[in-house]
Participant: 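There's a structure below that I have some questions on.
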Amino acid sequence: LTARDQATQVIAAAAARQRQIMAMSERGDRAFATGRTAGAIGVGILAALALPLKAAADMESMNVALQTSFQGNAKAAKKAFEDINKFATKTPFQLEEVMTGFIKLKNMGLDPGEKALTSYGNTASSMNKSLNEMIEAVADAATGEFERLKEFGIKAKSEGDNVTFTFQGVATTVRKNAKDIEQYLQYIGNVKFAGGMLAQSKTFNGMMSTLTDNIRMTAAKLGDLMLPRMKEYAIQLTKTIDKLGKWVFENQDLIANILKVVAGLAALSIAVSGLSFLFGGIFKIISAGMAIMNAYRTLMITITAVQNA
């Protein structure tokens, strides 16, 4: 072979090797992209399933709490849930907040009806407060604690069996019992702040609250279809974990020995990795030197071929 032929062969071999490396890199990129897409699809599916499942679970928990407040009367709890849901769609408050307020009033022996909730909702909306804040203030006032009413501009002064409320400069004295205090606070919402809740429900935030409730209710209906099966999975998983826990307790010596072996293998792996890193550095230096020598050899062959041409 002439010097030119030798140079041509060396260059062609280098080019072929470069093409192989590029092809391998492209295959790796395609595999990574495929895996990333599959992972994104999987995450999307899980997210799509999680929303209705979470909504259904939340509704189930609220129903249980509501049923408890009715001392286990499932029929009364179901009727109350339907009424609360209908009421929430007409307010700037979300269903969970209305449900929590209803249960709090019911458990305190106070009036949780729609008229009472409307009054408290009017006051809360007009003062840019949450419904829960107003209901907590009412619940406290019914037990003789009036501090929270100050957040709504209502001052109170106890005088024996009576309490005098002052709101917007007008003083009103009522008997210091839950019923009379409720009536006064409902009067504030029905008269002084009438329409406050309706006005807030027509704002963008109020509309978004209603939209959010509608989405959650729709998602909950879908989640109800999955909930029984997921409960079965949860029971099976709990049993499996319990069995695993018992096995661990009964085989502590075996597990301790296994952990020792694992620790030994980990130490060995670290040692091997260290040696590999050390020798890898040496091999990289040698490889770099050989690459320089091959490049020099290719250059000299190419120069010779050009001179003999």
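Being a predicted model, the structure only gives us computed values, none of them experimental. Along the sequence shown, residues are numbered consecutively beginning with 1.
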Participant: Test of understanding: with salt bridge (Lys or Arg N to Asp or Glu O under 4.0 Å), list the residues that count as partners of K106, not counting sequence neighbours.
Facilitator: none
Participant: Shortest non-hydrogen contact from P228 to L225?
Facilitator: CD-O, 3.9 Å
Participant: In terms of heavy-atom contacts, does CD of Q71 have more than 12 from other residues, nucleotides or ligands at under 6.0 Å?
Facilitator: no
Participant: First locate atom CD1 of I84, then atom CD of E82, and finally report the distance between them rounded to the nearest 0.5 Å.
Facilitator: 10.5 Å
Participant: Distance from D253 atom CG to I258 atom CD1, nearest 0.5 Å?
Facilitator: 11.0 Å
Participant: Under 4.5 Å between side-chain heavy atoms, hopping through other hydrophobics if needed: is there a path connecting L244 to L254?
Facilitator: yes
Participant: If you compare all heavy atoms of F102 against all heavy atoms of A80, which two are closest, and at what distance to 0.1 Å?
Facilitator: CZ-CB, 4.1 Å
Participant: Would you find a donor on one side and an acceptor on the other, under 3.5 Å apart, between the side chain of Q252 and the backbone of F249?
Facilitator: yes
Participant: Indicate the atoms forming the closest heavy-atom contact of N122 with G196, along with that distance.
Facilitator: OD1-N, 3.5 Å
Participant: Could you tell me whether the side chain of T210 and the main chain of G206 form a donor-acceptor pair under 3.5 Å?
Facilitator: yes
Participant: Sort and list the pairs that fulfil salt bridge (charged side-chain N to carboxylate O under 4.0 Å, His left out) and have at least one residue in residues 206-218, not counting sequence neighbours.
Facilitator: D58-R216, E96-R216
Participant: For the backbone of F81 and the side chain of N85, can you confirm whether one donor and one acceptor N or O come within less than 3.5 Å of each other?
Facilitator: no
Participant: State whether the side chain of E133 and the backbone N or O of A124 hold a donor-acceptor pair below 3.5 Å, judged by distance alone.
Facilitator: no
Participant: What pairs with K90 under salt bridge (Lys or Arg N to Asp or Glu O under 4.0 Å), at least two apart in sequence or on another chain?
Facilitator: E114
Participant: Can you check side-chain contact (heavy atoms from CB on, under 4.5 Å) on T143 and M108, steps first, answer last?
Facilitator: CA-CA 10 Å; T143 60; M108 289 283 294; 3.8 Å; yes
Participant: Check whether any side-chain heavy atom of K75 lies under 4.5 Å from a side-chain heavy atom of F70, and answer yes or no.
Facilitator: no
Participant: Under the salt bridge (charged side-chain N to carboxylate O under 4.0 Å, His left out) rule, what pairs show up with a residue in residues 227-248, not counting sequence neighbours?
Facilitator: E60-K231, R229-E232
Participant: Does CZ belonging to F146 count more than 12 external heavy atoms closer than 6.0 Å?
Facilitator: yes
Participant: Is the shortest side-chain heavy-atom distance between K202 and L198 below 4.5 Å?
Facilitator: yes
Participant: Which atom pairs, donor and acceptor, lie under 3.5 Å between side-chain atoms of residues 163-178 and protein residues at least two apart or in another chain?
Facilitator:
from, atom 1, to, atom 2, distance (Å)
T164, OG1, T173, OG1, 2.8
K176, NZ, G160, O, 3.2
N177, OD1, K179, N, 3.3
N177, OD1, D180, N, 2.8
N177, ND2, D180, OD2, 3.4

Participant: To the nearest 0.5 Å, how far apart are CD in Q67 and NZ in K78?
Facilitator: 11.5 Å
Participant: Run the side chain to side chain donor-acceptor pair (under 3.5 Å) test against S61 and tell me which residues pass, sequence neighbours left out.
Facilitator: none
Participant: Is there side-chain contact between L149 and L185, with at least one heavy-atom pair below 4.5 Å?
Facilitator: yes
Participant: When clusters are formed by joining ILVMFWY residues with side-chain heavy atoms under 4.5 Å apart, either directly or through shared neighbours, do L227 and M62 land in the same one?
Facilitator: no
Participant: Would you give the length of the straight line joining atom NZ of K192 to atom CD1 of I154, rounded to the nearest 0.5 angstrom?
Facilitator: 11.0 Å
Participant: Membership question, hydrophobic clusters at under 4.5 Å side-chain separation (ILVMFWY): are M127 and L117 in the same one?
Facilitator: yes
Participant: Between the side chain of S126 and the main-chain N/O of T123, is any donor-acceptor distance below 3.5 Å?
Facilitator: no
Participant: Are L110 and I103 in one and the same hydrophobic cluster, where Ile, Leu, Val, Met, Phe, Trp and Tyr link if side-chain heavy atoms are under 4.5 Å apart?
Facilitator: yes
Participant: What's the spacing between L105 CG and T100 OG1 if we round to 0.5 Å?
Facilitator: 11.0 Å
Participant: So does K115 get a backbone contact from the side chain of S119, meaning a donor-acceptor N/O pair under 3.5 Å?
Facilitator: no
Participant: For F87 and T118, what are the C-alpha separation, side-chain angles and deciding distance, and is it a side-chain contact (heavy atoms from CB on, under 4.5 Å)?
Facilitator: CA-CA 9 Å; F87 174 78; T118 299; 3.4 Å; yes
Participant: With side-chain hydrogen bond (donor to acceptor under 3.5 Å, both in side chains) as the criterion, how do E136 and N132 come out once you've worked through the C-alpha distance, each side chain's angles and the decisive distance to 0.1 Å?
Facilitator: CA-CA 6 Å; E136 286 182 347; N132 188 54; 3.3 Å; yes
Participant: Does the E182 side chain pair with the main chain of A142, one donor and one acceptor, at a distance under 3.5 Å?
Facilitator: no
Participant: What heavy-atom pair brings S69 and L66 nearest, and what distance separates the two atoms?
Facilitator: OG-O, 2.6 Å
Participant: For a quick test of reading the model, state the closest non-hydrogen atom pair linking P92 to S125 and the distance between them.
Facilitator: CG-OG, 3.8 Å
Participant: What verdict does the side-chain contact (heavy atoms from CB on, under 4.5 Å) test give for Q186 and D111, after you've listed the backbone C-alpha separation in whole Å, the side-chain angles of each residue and the deciding distance to 0.1 Å?
Facilitator: CA-CA 10 Å; Q186 288 177 25; D111 180 12; 3.8 Å; yes
Participant: Which heavy-atom pair separates A141 from I181 by the least distance, and what is that distance?
Facilitator: O-CD1, 3.3 Å
Participant: If you round to the nearest 0.5 Å, how far is CD of Q183 from CD1 of I188?
Facilitator: 13.0 Å
Participant: Any link between Y120 and Y187 through a network of hydrophobic side chains (Ile, Leu, Val, Met, Phe, Trp, Tyr) touching at under 4.5 Å?
Facilitator: yes
